[in-house]
Each structure stands twice: as C-alpha cells, then as structure tokens.
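Here's the structure, in structure tokens; my notes come after.
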Amino acid sequence: MTETIKPQYRQIWQTVQTIPVGKVASYGQIADLAGLPGRARLVGKALGYVPKSGWQGQKVPWYRVINSQGKISLPFGSKGFEQQKQLLQNEQVVVTGCRIKLKNFQWQPSIDELLFKLQF
DNA sequence: GCCCTGACTCTCA
DNA sequence: CTGAGAGCCAGGG
C-alpha cells in the first residue's frame with residue numbers, strides 16, 4: 001500500500017460520514033467533532049482529497065459540508081458547486097442560489113451522540 | 001525558513 | 001442579514 005493518506009484526513013472523512021441524510025454541517029463543526037479544533041480550512045482541503053470512488057467501501061458525503069454562513073463554499077457556477085447543490089436537493093435539502101436554510105437543515109448532534117463518541 | 005494561498009470563522013458596522 | 005477586515009492552520013514554492 002503506497003497510500004500517503006494523512007491520519008487527519010481519515011479522521012475528517014470518518015466524521016463527515018456520520019452526518020445524517022438530509023442534514024448539513026459546517027467545516028468548523030466537522031473539525032471540532034473530528035478532534036481538530038481550529039482546522040476548519042483543513043477540512044475543506046481534506047474533502048478535496050476524498051477518493052472519487054469513496055473510502056473504505058463507503059461514500060463520503062462531502063456535499064453535506066458547507067461553511068458556517070450556510071452557503072456552498074465552491075465557486076458559484078463551478079461543476080463541483082452544481083454537483084453539491086444537486087446532491088443536496090436529492091436529499092430534500094432546500095438550496096436557494098448558493099444558500100441553505102441552516103435553521104431547518106443544520107445538523108445538531110445530540111448530547112447522546114457526543115457521549116457516544118467519547119466512549120471510544 | 002519565509003511568503004503566499006485557501007471548499008474557513010469570528011467580529012464589527 | 002450582508003459585507004469588510006483580521007485571525008488561524010497547514011501545505012507548497
């Protein structure tokens with residue numbers, strides 16, 4: 001195996017996979033849950049390195065990750081942007097322009113889920 | 001080791 | 001809510 005995948009990226013991808021269908025989370029939120037506080041930008045970079053065909057037999061829902069403003073961070077009109085928008089809409093998430101209604105779709109991990117993570 | 005860049009975030013007006 | 005400015009961390013030249 002000549003894979004040069006960094007541990008931090010694996011951690012980020014794994015956390016992203018815990019986002020429920022129909023919900024979205026911010027980069028900072030993922031970074032924090034992944035145990036990498038203050039590395040929101042690293043999360044964005046890590047998502048860019050996600051294998052196209054998935055990881056560990058599972059797909060990584062990178063499109064469920066947006067910035068704290070509730071907007072898609074990809075350049076408006078870019079291919080990735082349109083793909084993200086489309087995938088989100090496929091999961092009943094309302095996307096207006098480049099914006100998403102966080103009030104209705106932002107993932108809010110319950111205290112139970114947080115405790116569950118801490119048990120590991 | 002310095003400097004610039006980036007799928008970010010917080011604060012303030 | 002929106003936009004501008006500053007802060008932060010890691011990667012690449």
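Convention: sequence-line order gives letters A, B, ...; per-chain numbering from 1. Hydrogens, waters and symmetry mates play no part in the numbers below; they use all other heavy atoms, side chains included. What you see is a predicted model; the values in this text were computed from it and never measured.
Here the options are Lys85(A), Arg64(A), Lys23(A), the test is salt bridge (charged side-chain N to carboxylate O under 4.0 Å, His left out), and the partner is Glu91(A); only Arg64(A) passes.
As rounded to whole Å, 15 Å separates atom C1' of dA7(B) from atom CH2 of Trp13(A). Spacing between atom CG of Leu88(A) and atom C1' of dA7(B) amounts to 13 Å, rounded to whole angstrom units. We find that CD1 of Ile12(A) is positioned 14 Å from P of dA7(B), with the value rounded to whole Å. Across the protein-nucleic acid pair, Leu102(A) atom CG and dC8(B) atom P stand 15 Å apart, rounded to whole Å. If you measure from atom NZ of Lys71(A) to atom P of dC8(B), you get 12 Å, rounded to the nearest angstrom.
Scanning residues 22-36 of chain A for heavy-atom distances under 4.0 Å to DNA chain B yields Ser26(A), Tyr27(A), Gly28(A).
Smallest separation of non-hydrogen atoms from Phe81(A) and Gly97(A): CZ-O, 3.6 Å.
Between Trp13(A) and Trp55(A), the ring planes are perpendicular. Angles over 60° get that label, and only those under 30° would be called parallel.
The distance from atom CZ of Arg99(A) to atom CD1 of Ile66(A), rounded to the nearest 0.5 Å, is 11.5 Å.
Taking only side-chain nitrogens and oxygens, Ser68(A) never comes nearer than 4.0 Å to OP1 or OP2 of dC8(B).
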Protein heavy-atom contacts under 4.0 Å, written 5' to 3' over nucleotides 8-13 of chain C as B (base), S (sugar-phosphate only) or - (none), form the string BSSSS-
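Sorted by first and then second residue, the side chain to side chain donor-acceptor pair (under 3.5 Å) pairs with a member in residues 33-45 of chain A form an empty list; sequence neighbours excluded.
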